[in-house]
Amino acid sequence: MDASDSASSMDPIFHILRILPYSVLRPPRLRLKLPSFTLPSAMTVYALILLTYFLVVSGIVYDVIVEPPGIGSTQDRFTGTVKPVVFLPGRVNGQYIIEGLSSGFMFVLGGIGIVLLDLALDRNRAKSVKVSFASAGIASVVIAYVMSMLFIRIKIPAYLR
C-alpha cells in the first residue's frame with residue numbers, strides 16, 4: 001500500500017476538515033526582513049578563544065564540580081597561628097581556586113608572549129615597534145616559565161631537586 005492508496009481510503013470527514021479551512025483562509029502578505037548577521041572581528045574571536053583557554057587551563061570545570069575553597073590555611077606547629085595557603089601541597093590532582101586562576105594566568109601570559117614574538121617578526125612594522133614587541137614577548141615568556149616552575153616546586157616539593 002503506497003501513499004496514494006492511503007490518501008484515497010482516508011475518512012471523508014477528515015478530508016473535508018483538512019481542505020476546507022485552507023480553501024477559505026489565505027496567509028497574510030508579510031514583508032519580513034531577514035536578519036543580517038555580521039561576522040565578529042578577528043580580535044573579538046581571539047579574545048573569546050583566549051578567555052576560553054584561560055578558563056579551561058585554570059580548571060574551572062574542576063572548580064564547579066568539586067567546589068574547593070578559594071584559599072586554604074595551615075596552622076604553624078610552633079606558634080599556633082593560622083597562615084593562609086594558596087597552593088594545595090602534595091596533591092597534584094587537587095587545587096584551590098586561586099591556585100588554578102594564577103597558574104592559568106601564567107599559561108595565558110606565556111601564550112600572549114609567543115603572539116608578541118610573532119608580531120615582532122612582521123617586516124612592515126617600524127624597528128622600534130618590533131623591538132618593543134620582541135622584548136615584551138621575551139619578558140612574558142620568561143616570567144610565565146619561571147613562575148610556572150615556581151608553582152610546581154611549591155606544589156611538589158621534591159620536584160626538580
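- For the atom pair OG (Ser58) and CZ (Phe105), the distance works out to 10.5 Å, reported to the nearest 0.5 Å.
- Nearest heavy atom pair, residue Lys83 against residue Asp76, reads CE-CB, 4.1 Å.
- Under the 4.5 Å side-chain heavy-atom criterion for Ile, Leu, Val, Met, Phe, Trp and Tyr, Val56 and Ile49 are members of distinct hydrophobic clusters.
- Using a 4.5 Å cut-off between side-chain heavy atoms of Ile, Leu, Val, Met, Phe, Trp and Tyr, with links allowed through other members, Val129 and Ile112 fall into the same hydrophobic cluster.
- Annotation for Ile71 and Pro84: closest pair CD1-CB, 4.2 Å, computed over non-hydrogen atoms.
- Both Val61 and Phe54 are part of a single hydrophobic cluster, where members link through side-chain heavy atoms under 4.5 Å apart.
- One hydrophobic cluster holds both Leu51 and Met106 under the rule that ILVMFWY side chains link at heavy-atom gaps under 4.5 Å.
- Screening Val45, Val108, Leu55, Val115 against Leu50 for a side-chain contact (heavy atoms from CB on, under 4.5 Å) leaves a single residue, Val108.
- Around OH of Tyr145, the count of heavy atoms belonging to other residues, nucleotides or ligands within 6.0 Å does not exceed 12.
- The shortest non-hydrogen separation linking Gly94 to Tyr62 is CA-OH, 3.5 Å.
- Closest approach of Ser140 and Gly113 over heavy atoms only: CB-CA, 3.6 Å.
- Here CE of Met147 is found 12.0 Å from CD1 of Ile152. Values are rounded to the nearest 0.5 Å.
- Expressed to the nearest 0.5 Å, how far OG of Ser102 lies from CD1 of Ile97 amounts to 12.0 Å.
- How far CG of Leu101 is from CD1 of Ile60: 6.5 Å, rounded to the nearest 0.5 Å.
- A continuous path of ILVMFWY side-chain contacts below 4.5 Å connects Tyr53 to Leu109, so both sit in one hydrophobic cluster.
- The shortest non-hydrogen separation linking Ala144 to Ser148 is O-OG, 2.8 Å.
- The two atoms that bring Leu119 and Phe133 nearest to each other are CB-CD1, 3.8 Å, heavy atoms only.
- The closest donor-acceptor contact from the side chain of Gln95 to the backbone of Asp63 lies at 3.5 Å or more, if one exists at all.
- Side-chain N or O atoms of Lys155 include one that pairs as donor or acceptor with a backbone N or O of Leu88 at under 3.5 Å.
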